[in-house]
A.B. asks: 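To start, I am sharing the structure in question, which I have written as structure tokens.
Letters A, B, ... mirror the listed sequences (proteins, then strands); counts begin at 1. What you see below is based on every heavy atom in this structure, not just the backbone, and it leaves out hydrogens, waters and symmetry mates.
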There are 2 protein chains.
Amino acid sequence: MLTLQSESHMLSKSCQYALRAVVYIAEESSTTQLVGAQQMAESLQIPKHFLSKILQQLSRNKLISSTKGPNGGFYLSRENEQVTIDRIIEVIDGPGLFTACVLGLPSCSSAHPCPLHEQAVGYRDGLYHKLKNLTIRELTLVTRLEKKESSTPK
Amino acid sequence: MLTLQSESHMLSKSCQYALRAVVYIAEESSTTQLVGAQQMAESLQIPKHFLSKILQQLSRNKLISSTKGPNGGFYLSRENEQVTIDRIIEVIDGPGLFTACVLGLPSCSSAHPCPLHEQAVGYRDGLYHKLKNLTIRELTLVTRLEKKESSTPK
DNA sequence: CAAATAAAAGATATTAAGGTCTTCTATACT
DNA sequence: AGTATAGAAGACCTTAATATCTTTTATTTG
Ligand code: FES
Ligand code: FES
């Protein structure tokens, strides 16, 4: 039998894990208390070794920071906190998600638009613009705000 | 070595092919002149047998029509022309693209939003509503209009 | 310096997406 | 009816994404 039901998502699983991990680091770590891959994997329900590789990728690209040895782990430096979300997507899923044609045509421009160009581009560019101006730090602030709002006292 | 650069696109390749094929059928076929999978594969630069499977999937789901035998091929019935784009995406890539959380969390709702929910949902839903109200016929009309506009006489 | 710890690195395995090939079946035309 | 045509169906293969496991390296602490 043939499946052909790809259950495609906008971001790869690696990228989803990366974003969730970065948010976790931002929330749970500080300069004094680092957060380990082990703990992170358990809390976020992500395969440990797979997560490790993703974290290494982010670390190599200076989007997060890490130290080895006992009490080692991952954390965000001042610079890391200013990293924007689009950078994380770019490093893990590659560029192209926000520039490639949705129909996979070799180029995407309003000069040579595919039938879906007009419909898609607004969505794509809008989100891209937001993510390009959204830092890791800001993202966690938003989250905390939302949590506060949702815990409405009766 | 490890790649970890997934080049993720919003739609699967199968789905991109499906959409391009449907547009092609809408433009090139009529009730008198059907369009064959062979010809379509060559024109659109899509692997023939792979395209066939996709067309069969669409045909089984009544999104396009076909007849076998000599001078057979694919075409759009009156009903097919009223099929909306979101249906094609749904049949090939499954539901979920427009309902699932971008970070892959088990549910997506404003009651339990992920950190990116607010950013993502507006655009996602916006595109979804457009595609839900965009028929195959309308899509080709838009394309023809764009072509006319771009061929500006000097 | 020795032991313990935790990330880095990379080899290997599994699964799903993407792609190819062969056989079968319906239709048209002579 | 017989043959050619073109889609339908399904087996099979390849590649890339995802996941696991093992070894190495850096760092802390006693
Ligand atoms: S050309 Fe297809 S989305 Fe721009
Ligand atoms: S909860 Fe993540 S996008 Fe809605």
A.B. asks: Under 3.5 Å, is there a donor-acceptor pair linking the side chains of Tyr75(B) and Glu28(B)?
C.D. replies: no
A.B. asks: How far apart are the C-alpha atoms of Ser107(B) and Ser109(B), what are their side-chain angles, what is the distance that settles it, and do they pass the side-chain hydrogen bond (donor to acceptor under 3.5 Å, both in side chains) test?
C.D. replies: CA-CA 7 Å; Ser107(B) 84; Ser109(B) 69; 4.7 Å; no
A.B. asks: Whole-Å distance between dA17(C) P and His9(A) NE2?
C.D. replies: 11 Å
A.B. asks: Where the side chain of Phe74(B) is concerned, which of dT20(D), dA8(D), dA7(C) is the nearest nucleotide?
C.D. replies: dA8(D)
A.B. asks: Could you tell me whether the phosphate oxygens of dA7(C), OP1 or OP2, come under 4.0 Å of any side-chain nitrogen or oxygen in Lys48(A)?
C.D. replies: no
A.B. asks: It should be established whether Ser66(A) places a side-chain nitrogen or oxygen under 4.0 Å from OP1 or OP2 of nucleotide dA8(C).
C.D. replies: yes
A.B. asks: Is Thr67(A) close enough to dT27(D) that one of its side-chain N or O atoms is under 4.0 Å from OP1 or OP2 there?
C.D. replies: no
A.B. asks: Measure CD/Gln57(A) against P/dA9(C) and give the value in whole Å, please.
C.D. replies: 10 Å
A.B. asks: In whole Å, I'd like the distance from the OH atom of Tyr17(A) to the C1' atom of dA19(D).
C.D. replies: 9 Å
A.B. asks: Once you round it to whole Å, what is the distance between P of dT20(C) and CD1 of Ile54(B)?
C.D. replies: 12 Å
A.B. asks: Of the listed nucleotides (dA9(D), dA19(D), dA9(C)), which one gets closest to any side-chain atom of Arg60(A)?
C.D. replies: dA9(C)
A.B. asks: Please pick, from dC21(D), dT20(C), dT5(D), the nucleotide with the shortest atom-to-atom distance to any side-chain atom of His49(A).
C.D. replies: dC21(D)
A.B. asks: Without decimals, in angstroms, what is the distance between Phe50(B) CZ and dC13(D) P?
C.D. replies: 18 Å
A.B. asks: Any donor-acceptor pair under 3.5 Å joining the side chain of Lys53(A) to the base of dG10(C)?
C.D. replies: no
A.B. asks: Roughly how many Å is it from CD in Gln33(A) to C1' in dA6(C), rounded to a whole number?
C.D. replies: 14 Å
A.B. asks: Whole angstroms only, please: what is the CD-P distance between Gln45(B) and dG19(C)?
C.D. replies: 13 Å
A.B. asks: If you compare all heavy atoms of Ser29(A) against all heavy atoms of Val35(A), which two are closest, and at what distance to 0.1 Å?
C.D. replies: CB-CG1, 3.8 Å
A.B. asks: Would you say dA6(C) has OP1 or OP2 under 4.0 Å from some side-chain N or O of Asn71(A)?
C.D. replies: no
A.B. asks: Would you mind telling me which of dA9(D), dT18(D), dA4(D) lies closest to the side-chain atoms of Gln56(B)?
C.D. replies: dA9(D)
A.B. asks: Look at all strands and tell whether Ser59(B) reaches a base, only sugar-phosphate, or nothing, counting heavy atoms closer than 4.0 Å.
C.D. replies: sugar-phosphate
A.B. asks: For Met40(A) and dA6(C), give me the distance from atom CE to atom P, rounded to whole Å.
C.D. replies: 12 Å
A.B. asks: Less than 4.5 Å apart, any side-chain heavy atom of Ile54(A) and any of Gln57(A)?
C.D. replies: no
A.B. asks: Give the intermediate values and the outcome of side-chain hydrogen bond (donor to acceptor under 3.5 Å, both in side chains) for residues Gln45(B) and Tyr17(B).
C.D. replies: CA-CA 10 Å; Gln45(B) 297 272 70; Tyr17(B) 291 164; over 6 Å; no
A.B. asks: Answer yes or no: does a side-chain N or O of Lys68(A) lie under 4.0 Å from OP1 or OP2 of dT24(D)?
C.D. replies: no
